[in-house]
Amino acid sequence: MTSRLLNIFTNNSVILKWVMVLLAGFCFLWSVQLFIAGNAYYSVKNDIEGWQLSPGKASISQIDSGLGRIGNAIDYFPDNALYYQIQGQLFEWKAVVEKRSEESGDAELGLKSHSDNLNNAAQSYEKSLLLRPTWSGSWIGLASVKLLRDELDDEFYHYLKNAKQAGPQDAIVHKFIVEFGLEMFSARSIHYVKIKEQLKQHLNLGLQNPLSRDFVLKAIQKHDASETVCRWLRDASYPVRKRIPNCITYN
């Protein structure tokens with residue numbers, strides 16, 4: 001009887017050891033995958049932030065490398081909404097860079113590639129929103145795809161509205177509305193009338209937010225709009241106004 005109990009105990013101990021080994025192996029594998037995916041996300045995010053400040057630095061080879069890295073992250077964690085959102089941004093950048101550099105000698109083929117990349121970007125954003133409907137970055141992404149297609153219709157403004165509702169204080173919302181609004185103002189477009197109040201609001205908020213401040217200042221400079229923005233924000237706080245070039249004088 002004692003021998004039988006000892007055998008049972010020994011067998012159970014062996015099974016328990018194997019379970020612990022397998023569990024440890026699974027945890028190690030999961031940790032490795034998490035590290036690889038996280039590293040891929042942050043490296044791609046840093047690339048995109050750099051391109052936003054200096055668009056000329058983006059290249060097809062860099063973008064393809066980023067797509068490969070974030071694709072691996074999605075393979076490991078297919079339910080991560082943030083990974084699809086960053087994937088959508090990469091497809092957008094690829095469409096923009098291909099159109100800008102005209103790398104394809106065949107104009108028709110180049111146009112198809114541009115359209116395909118925008119379709120891929122929209123699909124990535126939609127996947128992200130299926131997982132997390134309140135993600136402002138993905139709503140902005142869908143609006144951005146519409147803008148690149150020159151489709152400034154009701155759907156575009158619907159996406160913009162959803163982005164503002166999901167993240168009224170998010171840097172990505174400030175950046176998009178400021179860039180779009182100043183572009184429409186410079187072009188004297190009818191769409192400036194639709195966006196002007198939001199533009200003033202997000203210029204103010206964007207200059208307050210350290211994550212969007214540099215981008216907003218560059219957009220103001222690019223459109224030579226310092227004097228106009230200073231006038232728009234005459235009721236803004238002193239810390240905001242002093243950041244606008246030549247807005248605060250000490251004469």
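Just so it is clear, the values below take in all heavy atoms, side chains as well, and ignore hydrogens, waters and symmetry mates.
Considering only heavy atoms from C-beta on, Ile220 stays 4.5 Å or farther from Thr228 through its side chain. Side chains of Leu203 and Trp232 form a contact here, defined as non-hydrogen atoms less than 4.5 Å apart. Residues Glu151 and Phe156 fail the side-chain proximity criterion, which asks for heavy atoms closer than 4.5 Å.
Closest heavy-atom contact between Gly88 and Tyr125: C-OH, 3.2 Å. Between Ala121 and Val145 the shortest heavy-atom distance is CB-CG2, 4.0 Å.
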Side-chain polar contacts of residues 182-196 - donor-acceptor pairs under 3.5 angstrom, sequence neighbours left out - could you list them?
| unit_1 | atom_1 | unit_2 | atom_2 | d |
| --- | --- | --- | --- | --- |
| Ser186 | OG | Leu182 | O | 3.0 |
| Ser186 | OG | His223 | ND1 | 3.1 |
| Arg188 | NH1 | Phe185 | O | 2.6 |
| Ser189 | OG | His191 | N | 3.0 |
| His191 | ND1 | Tyr157 | OH | 2.8 |

Side-chain donor/acceptor pairs under 3.5 Å, residues 166-176, sequence neighbours excluded:
| unit_1 | atom_1 | unit_2 | atom_2 | d |
| --- | --- | --- | --- | --- |
| Asp170 | OD2 | Ser136 | OG | 2.5 |
| His174 | ND1 | His202 | ND1 | 2.9 |
| His174 | NE2 | Gln169 | O | 3.3 |
| Lys175 | NZ | Gln52 | OE1 | 3.2 |

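Remark: the backbone N or O of Ser61 is not paired with any side-chain donor or acceptor of Ser65 at under 3.5 angstrom. A donor-acceptor pair is defined here as one N or O able to donate and one able to accept, closer than 3.5 Å; such a pair exists between the side chain of Arg241 and the backbone of Cys230.
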Next item on the list: Could you please spell out the steps behind the side-chain hydrogen bond (donor to acceptor under 3.5 Å, both in side chains) verdict for Arg132 and Asn80?
Entry: CA-CA 9 Å; Arg132 188 168 175 176; Asn80 190 308; over 6 Å; no

Item checked: Steps toward side-chain hydrogen bond (donor to acceptor under 3.5 Å, both in side chains) verdict (Gln221, Ser226) -> CA-CA 7 Å; Gln221 281 185 314; Ser226 295; over 6 Å; no

Next item on the list: For the pair Leu160 and Ile177, evaluate side chain to side chain contact (heavy atoms under 4.5 Å, CB included) and give the outcome as yes or no after the intermediate values.
Entry: CA-CA 8 Å; Leu160 212 55; Ile177 292 177; 4.2 Å; yes

Notebook entry, point to check: Which is it for Val96 and Asn117 under the side chain to side chain contact (heavy atoms under 4.5 Å, CB included) test, yes or no, and what are the steps along the way?
Noted result: CA-CA 9 Å; Val96 169; Asn117 282 315; over 6 Å; no

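Atom CG of Asp154 has 12 or fewer heavy atoms from other residues, nucleotides or ligands within 6.0 Å. More than 12 heavy-atom neighbours from other residues, nucleotides or ligands sit within 6.0 angstrom of CG on Asp153. For Lys200, the NZ atom sits in a packed shell: over 12 heavy atoms of surrounding residues, nucleotides or ligands are nearer than 6.0 Å.
Ring geometry, His158 versus Trp139: the interplanar angle exceeds 60°, so the pair is classed perpendicular (tilted spans 30 to 60°).
Judged as a side chain to side chain donor-acceptor pair (under 3.5 Å), and not counting sequence neighbours, the contacts of Glu49 are Lys45.
Between the side chains of Gln87 and Tyr83, no donor N or O sits under 3.5 Å from an acceptor N or O.
The pair Lys94-Asp64 counts as a salt bridge, with a side-chain nitrogen and a carboxylate oxygen less than 4.0 angstrom apart.
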